[in-house]
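Before any comments, here is the structure.
Proteins come first, then strands; the chains are lettered A, B, ... in the order of their sequence lines, and each starts at number 1. Values below: all heavy atoms of this structure, side chains included; hydrogens, waters and symmetry mates excluded. This one's a predicted model, so the numbers in the text were calculated from it and none came from an experiment.
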Protein chains: 2
Amino acid sequence: MIVPVAIDGRAGTAGSTSATARKSKASQGAPGAPPARRTRRVRMTGKERREQLLDIGRTLFAERGFEGTSVEEIAHKAGVSKPVVYEHFGGKEGLYAVVVDREMRMLLDLVTSALTGGHPRELLEQAAFALLDYIEQSTDGFRILVRDSPVAQSTGTFASLISDIATQVEDILGLEFKQRGFEPKLAPMYAQALVGMVALTGQWWLDVRKPKKADVAAHLVNLAWNGLSGLEPKPRLIGHRKA
Amino acid sequence: MIVPVAIDGRAGTAGSTSATARKSKASQGAPGAPPARRTRRVRMTGKERREQLLDIGRTLFAERGFEGTSVEEIAHKAGVSKPVVYEHFGGKEGLYAVVVDREMRMLLDLVTSALTGGHPRELLEQAAFALLDYIEQSTDGFRILVRDSPVAQSTGTFASLISDIATQVEDILGLEFKQRGFEPKLAPMYAQALVGMVALTGQWWLDVRKPKKADVAAHLVNLAWNGLSGLEPKPRLIGHRKA
DNA sequence: TGCCATACTTACGTCGCCGTAGGTTACGGA
DNA sequence: TCCGTAACCTACGGCGACGTAAGTATGGCA
């Protein structure tokens, strides 16, 4: 039996939530409390609710995957009933699509803006940093992107959405290859290799969190640039970053 | 309504199937044919059926994932009814567990046996080759391992089963690091990076299949060993391989 | 003060799928 | 030829999840 406990505490995660908590005559909103009459229902604007649902959905999709997450659960965590979700997104796939789209955009923006101008090595450094940044600030999103989406499976060209990033790297690498007189047809492969290197290391870093982000980036660049044969013992970053 | 169409043609994929097809008075076993009376039922030994189910399960899990695959479908493709699956594996998870276990063993065997003796660069070369070999000969298995399993999610340390391979590489790398006077604590990270490089490239190679396997390996080694700064235009493999 | 759009609800219908209880067929040895 | 056992079946119970139809509160605005 689902008791309408209203807010679950995470109403403001989206940032733009101006918390329309009005006359909260309720029993303190304490979690787990049995219905001390009936908690005053929370009423958000469409936008607010939409953002909240996206936020919750992202979290749940990240930890349970698409199929493992139910609309009921999303709605329940938001303190509303199922039809609200259907009203906003038309269904589970709709919500998922928006979540994935946003994450893709964010990641692509970060990476592409990192891939502008400068020495190739610096580019590499910045790109690696960008991906680690993204992983750190939007862990759930990264988890979702790493998982294979139902969409990716149907379109079928790439197994993982992360691979799309590689196509960004291709161009830069292709240019560099041409200048050096290498076969530019090989650029995609090398791009995949580089992205794979950073992505899997990032995934691993999610669990361990041991070396600092900057150190991880430095070592990744070290490996990618110098190779195992010419590894520097104590690699340093060239770029100057605030974070 | 499920029509019992008996064999679906893939009975012998497991290799050890001695095809106990007896009096196949049936209507040629042609696919898609409406029940021309009722196809003569096929009766396998326990072992045969078990192998067949594992084989079918592997295929389906690879293309639809664990949750996306139903026991009914597996049974149907095998030309039997559901309880047979339950008889053999106790349920979907049981079957899945066996499939994953076998694949893990196979991959680990291949990789570890490739990681014995020789110059580090040669080791790298052989390991890369081993992974590509595995991907080629057991594509479905690789797809399953790349996906996140329900098991991996509960134990939680690693997001992807592929990452387990990296722990194998750690030791070798750690030794090498010590000899060179590097911080051996960094070995895990570099291992992850290397495995990620090869794994994602392999995944990409699954779809494209453009450069030959040996070429892919050569270029991977090229990148990992020489780094972007010292890339050779036409890398060659050291080792001598028959395949 | 009364109205109406917006936010939200309860209550179903339905479908797919897991897992099991109990019965049936065929193979192979005595 | 008979019989036991291994292989297999039909049929059901039940649950969880998607999606919808129809009704209810609430807050701004004429």
Side-chain angles (χ1 to χ4, degrees), chain A residues 1-7 11 17 20-25 35 38-53 57 60-61 64-96 150, chain B residues 1-7 11 17-18 20-26 35 38-53 57 60-61 64-96 150:
Chain A
M1 183 194 288
I2 301 173
V3 193
V5 202
I7 321 180
T17 326
T20 330
R22 270 165 194 279
K23 1 175 180 173
S24 53
K25 159 212 177 150
R38 171 162 299 214
T39 320
R40 188 98 181 130
R41 208 83 68 176
V42 178
R43 222 182 147 84
M44 291 184 181
T45 68
K47 236 183 184 171
E48 282 172 337
R49 188 63 78 191
R50 186 185 163 87
E51 293 307 314
Q52 187 212 18
L53 288 174
L60 286 177
F61 286 140
R64 301 208 213 300
F66 177 77
E67 316 232 61
T69 305
S70 74
V71 176
E72 254 120 346
E73 191 171 7
I74 295 169
H76 178 60
K77 276 218 165 184
V80 296
S81 62
K82 255 190 313 173
V84 174
V85 179
Y86 284 89
E87 197 62 36
H88 277 288
F89 302 98
K92 193 162 66 157
E93 301 223 45
L95 205 171
Y96 186 80
Chain B
M1 185 194 285
I2 301 173
V3 192
V5 203
I7 321 180
T17 326
S18 52
T20 330
R22 269 166 195 279
K23 0 175 181 173
S24 55
K25 160 211 179 152
R38 172 161 299 212
T39 318
R40 188 101 182 124
R41 208 82 68 175
V42 178
R43 227 181 143 85
M44 291 183 181
T45 67
K47 235 182 186 172
E48 282 172 337
R49 189 62 80 192
R50 187 184 163 88
E51 292 308 313
Q52 187 212 18
L53 288 174
L60 286 177
F61 286 140
R64 301 210 214 299
F66 177 77
E67 315 232 62
T69 305
S70 74
V71 176
E72 255 120 345
E73 193 172 6
I74 295 169
H76 178 60
K77 276 219 165 183
V80 297
S81 64
K82 253 189 316 172
V84 174
V85 178
Y86 284 89
E87 197 61 37
H88 276 289
F89 302 98
K92 192 160 68 158
E93 301 223 47
L95 205 170
Y96 187 80

**Message:** Looking at A:Glu73 and A:Arg64, is any side-chain nitrogen of the basic one under 4.0 Å from a carboxylate oxygen of the acidic one?
**Reply:** yes
Run the side-chain contact (heavy atoms from CB on, under 4.5 Å) test on B:Phe61 and B:Ile74 for me, step by step, so that the C-alpha distance in whole Å, both residues' side-chain angles and the decisive distance to 0.1 Å come before the verdict. CA-CA 10 Å; B:Phe61 286 140; B:Ile74 295 169; 4.3 Å; yes
Nearest-angstrom distance from the residue atom [atom1] of [X] to [atom2] of [N]:
X	N	atom1	atom2	answer
A:Met44	D:dG27	CE	P	14 Å
B:His88	D:dA6	NE2	C1'	10 Å
A:Leu53	C:dC8	CG	P	9 Å
A:His76	D:dA17	NE2	P	12 Å
B:Glu87	D:dT10	CD	C1'	16 Å
B:Arg50	D:dC8	CZ	P	14 Å

Would you say the side-chain atoms of A:Lys92 pair up with the backbone N or O of A:Phe66, donor to acceptor, closer than 3.5 Å?
yes
Could you go step by step and tell me if B:Arg49 and B:Gln52 meet the side-chain contact (heavy atoms from CB on, under 4.5 Å) rule? CA-CA 5 Å; B:Arg49 189 62 80 192; B:Gln52 187 212 18; 2.8 Å; yes
Give me the distances for all protein-to-nucleotides 16-20 of chain C N/O pairs that come in under 3.5 Å?
from: C:dC18; atom 1: OP1; to: B:Val71; atom 2: N; distance (Å): 3.2
from: C:dC18; atom 1: OP1; to: B:Lys92; atom 2: NZ; distance (Å): 3.3
from: C:dC18; atom 1: OP2; to: B:Val71; atom 2: N; distance (Å): 3.1
from: C:dC18; atom 1: OP2; to: B:Glu72; atom 2: OE1; distance (Å): 3.3
from: C:dC18; atom 1: N4; to: B:Lys82; atom 2: NZ; distance (Å): 3.3
from: C:dG19; atom 1: OP2; to: B:Tyr86; atom 2: OH; distance (Å): 3.1
from: C:dG19; atom 1: N7; to: B:Lys82; atom 2: NZ; distance (Å): 3.1
from: C:dG19; atom 1: O6; to: B:Lys82; atom 2: NZ; distance (Å): 2.4

**Message:** Whether A:Arg49 contacts C:dA7 is assessed here as follows: a side-chain N or O lying under 4.0 Å from the phosphate OP1 or OP2. Is that the case?
**Reply:** no
* To do: Would you please confirm or rule out a distance under 4.0 Å between OP1 or OP2 of D:dA6 and any side-chain N or O of B:Arg43?
  => no
Tightest non-hydrogen contact, residues A:Thr69 and A:Leu60, listed as OG1-O, 3.4 Å
**Report entry** Close side-chain approach of B:Lys47 and B:Arg50, heavy atoms under 4.5 Å
**Finding:** no
